[in-house]
Student: 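Mind looking over this structure? Questions follow.
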Amino acid sequence: MAKTYKAVKISKKHLLGIQDLSINDINLILDEAKNFISLNKSKNKKIDILRGKTQINLFFEPSTRTQSSFELAGKRLGADVMSMNITNSAIKKGETLIDTAMTLNAMHPDIIVVRHQDSGASNLLSQKVNCAVLNAGDGRREHPTQALLDALTIINRRNKIQGLKIAICGDILHSRVARSNIYLLNMLGAEVNVVAPSNLMPNEIDRLGVNTFSDMKEGLKDCDIVMMLRLQNERMESSFLSSNREYYEYYGLTPDKLSNAKDDALIMHPGPMNRGIEIDTKLADDINKSVIKEQVELGVAVRMACLKIFCE
Amino acid sequence: MKKKYFLNANIVDPRNSLEELGGLIVDENGKIEAIGKKVNKNNIPSREKFIDLKEKYIFPGIVDMRVFVGEPGFEYKENFRTLSNAALAGGVTSVVTMPNTSPVIDNVSIVDFLKRRGRDKSKINILPTATLTKNLEGTNMTEFGLLKGKGIVGFTDGIKTIQNTRLMSRIMKSAYDLDCLVMQHAEDFELSINGLVNDGIIATKLGLTGIPDLAEKIIIERDLSLLEDYNCRYHISQISSSKSIEVIKQKKDNVNFTTAVSINNLSLNENDIGDFKTFLKLSPPLRTEEDRLSLINGINKDLIDVIVSDHKPEDEESKRITFSQAATGASGVETLLSLALEMYHNDSVKLSKIIELVTSNPAKILKINKGNLSIGNEADFCIVDLYKPWVVKKEKMHSKSKNTCIEDKKLQGLVTNTFVKGEELFKI
C-alpha cells in the first residue's frame, strides 16, 4: 500500500478539484472517510460534529445521487442542510450563479456544495463567497468527491491503489468523473488506461499521463478495475456516434470484452447507468464483479469526510 | 496653429525607409514640412522655440486595422469619445472599426450616421468597414460599390466568417469588379462549434470545448484557392496557428493577399488562461507556445503583414460570469504598440519591422495615405519613450471597458505624446 502520510489539516479552503489537492490532502480525506463507513452501517447513524453549521446544496443541474448523498452526509453529521435546485431555463445562467451566491453568502453558510453545467463554475463561486465551496461537478471539468469515493471503493476491496491497472471506458470527452479519476488514480500510483472512440476522446489527454485506446479489448487487457462511464447523450450537440447499438457492440462492457481484464477484475460505474448501452445489464448486477452499489454506499462516507474537513 | 519643431529624435518611418536621428517640423496647417537628419538646430530660425526630444522616438501614427466600437448599440461598452481617448493614449491615430454594431453597418444610411458620430466625437481618423452580408446573416451581399462611395474602407463580417463557399466566390468576384477590400475572419463554424479555447491539453484540463486550429486553416485554404481564380483584394483578419502560417507560406507566391495577427496571439499562449480567466477568452483563441513562436517567425519571414489590437471592449457584466458564458475579446487599442515593442526588446523582431506592421503596411492595404511621415502629409505621429518601463493597470485605462488581457503586465516603451494633424491630443 502507498505510504500513508499523516496530515492534520487540509491545505485548501475549497474542494474545487483533485488537481488542486496534495497527496496529504487526499490521504487525510480518505482516512477520515474510512471512519465513517462503520458509522453509516450502525443503528444510530447521527453524530453532531457539525451541529450549528449550515450547509447549502446549490444544484444548477439535475442530480439524484450526488445531491441526496451530500444531503444525507450533512444531516448525519448534524448540520442544517438546505438544498436548492435551480433550473436555468428562464434567467440568464451566469447572473444567477453570482447573484445567488451573493444572496446565499449574506446568510452566512459554512459550506456550499455546488453543481453547475459550466466548467469552472465552482471556481468562480469560490471567489465570491466567504465560506468553503465543495464542487459537486462542474461541466466536464471535475467531480472530486466521485473520484474520492471511487478510490475509497477500490481501497476497500483491494487494500491499495498503487500498482493497479485501471481502465476508464466510454464517454471520456464529456466526463468530469474521468478527469477527476485520472488525476487521483495517477497520484495514488495506478496505471490508467483510457478507452473511448476517437470522437469521445479529449484532445491531448495522453499528456495527463494515461494510455489511450480506441480498441476496448486492448484497453482492458490485464486490468484490475474496469470503470465504465455513462454515455452523456444530453451533452452531445452533434453526431458523435452512429447509434447506441453500434456503441454497445464496440464499447459496451460485455462478458466477452471483460474477459480481457484480470479474472477478478472489479466493475465500477458512477451512475446513472444506461443499461444495454455502455454496460451489459447482467454484469452491472453481478455481485461478484460489480461494486456499483458499494460506490454509492461509500459515497456518503466520503462526503461526510469532506464536509467535516472543509467545515473546520 | 503655430509651427512646431522637434529636434534630436529617433525617427522611424518604414514607408520612407527612414531610421535616423533627426528633427521634424510641422507647419501651420498641421502638415509635415521637413523631417530627418537634415532638420537640426542650425536650420531653424533662432527665434523659434523647439522641443528637444532627447533621442526619444517618433513613429508615424499607428493604424489599427481591427477595432470594435460600441456605437451604435453598445455605447456602454465603448463610444467614439472613449475609443478616441484610448487610441491616442496608445499612439494610435487611425482605426478601422468593425461593423458588428447594433444595428450592423450594412447599408448606406447608417454609414452617414457613423461618419458624423465619428467626426464629432472622436479626434482620431475613423475608418469604418461595412459587413460583407446583410445583417451578418451570411446569405446576401451588401452594396459594396455604394458603401465604398460613402467612405467604407473594407468589408468584413467581423467576428463572423462567410461559411458558404458559393457566396464567398461571388463576394470575391464583386469585390474584384468594384476594387473593394474583403477582410475575412477565418473560422469554420462547424468545426469550432461551442468552442471556447484552443483544442488541446488546456481544453481537456479545463473541461472546455476546443476550437481546433484546423477550423482556421480550412477557411484560409478555401479562400486562397478561390482567390487564385477571382483575384480580389483579400485580407485575412487574424491568424493564430502554425498550420495557417504553413498554408500562407505555400500560397504566398501564387496569389496576392495580406494577413494580420492580433498582438494577443503574439504575446500570450493558452497557458495564460490559467484558472478560467475570462479576459483571455479571445477569438481566435490563444494557442500553444509553438504556435505563438511560429507567428513571430512568420513576421520575420514576411508572411504576416499587419499587427492589430483586436480591440474588443466588453463590460464587467459580460466577463464576470462562467467562462462558457463570458463574452469574447479584450480591450487593447491603448496597449497595442507597447505590447508589440516587447518583441523588439526581447530581440524577436526588428523595431522598423514592428512599426511597418502597424503603420505603413495597414495603410497600403487600405489604400489610404496614413501611417507615414512623408513631407506634405498630415502630421499624425506619436512620441515614444522606448525604454520606459511601466505596468498595465486596469484603473488607468482610457477605454470605457477595462477588459485588458494583460493586467499587471510589465511593459517597456511608453507613448508620451500623440499628434493628429499636427495637434497634440495626448500628453502623458
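To find a chain, count down the sequence lines: A is the first, B the second, and so on, and within it residues start at 1.
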Student: When you compare the side chain of A:R141 with that of B:F276, does any pair of heavy atoms fall below 4.5 Å?
Tutor: yes

Student: Would you mind telling me which of B:D275, B:L206, B:I202 has the largest number of heavy-atom pairs within less than 4.5 Å of chain A?
Tutor: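 Ranked by contacts with chain A, first place is B:L206.
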
Student: So B:R320 and A:K128, side-chain contact (heavy atoms from CB on, under 4.5 Å) or not? Walk me through it.
Tutor: CA-CA 11 Å; B:R320 298 266 179 244; A:K128 303 283 171 187; 4.1 Å; yes

Student: I would like to know whether A:D118 and B:S324 meet side-chain contact (heavy atoms from CB on, under 4.5 Å); could you show each step before the answer?
Tutor: CA-CA 7 Å; A:D118 287 347; B:S324 59; 3.0 Å; yes

Student: So for atom NZ, which belongs to B:K402, do other residues, nucleotides or ligands contribute more than 12 heavy atoms lying within a distance under 6.0 Å?
Tutor: yes

Student: What heavy-atom pair brings B:T322 and A:H116 nearest, and what distance separates the two atoms?
Tutor: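 That would be CG2-CE1, 4.4 Å.
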
Student: Below 4.5 Å from any heavy atom of chain B, which atoms of A:E142 appear? Answer side chain, backbone, both or neither.
Tutor: neither

Student: Got a second to check how far B:K205's NZ is from A:E204's CD, nearest 0.5 Å?
Tutor: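 Here the rounded value is 11.0 Å.
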
Student: Minimum heavy-atom separation for B:T204 and A:L208, please, with both atom names.
Tutor: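 Looking at all heavy atoms of both residues, the shortest contact is CG2-CD1, 4.2 Å.
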
Student: Surrounding OH of B:Y76 (heavy atoms of other residues, nucleotides or ligands, distance under 6.0 Å), is the total greater than 12?
Tutor: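 Count over threshold, so yes.
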
Student: Does any backbone or side-chain atom of A:R179 lie under 4.5 Å from a heavy atom of chain B? Answer side chain, backbone, both or neither.
Tutor: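 Answer is side chain: those atoms of A:R179 sit under 4.5 Å from chain B.
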
Student: If you count heavy atoms of other groups shown closer than 6.0 angstrom to NZ of B:K249, is the number above 12?
Tutor: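 No - once you tally the heavy atoms of other residues, nucleotides and ligands closer than 6.0 Å, there are 12 at most.
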
Student: A quick test of your reading: do over 12 heavy atoms of other residues, nucleotides or ligands sit less than 6.0 Å from NZ of B:K396?
Tutor: no

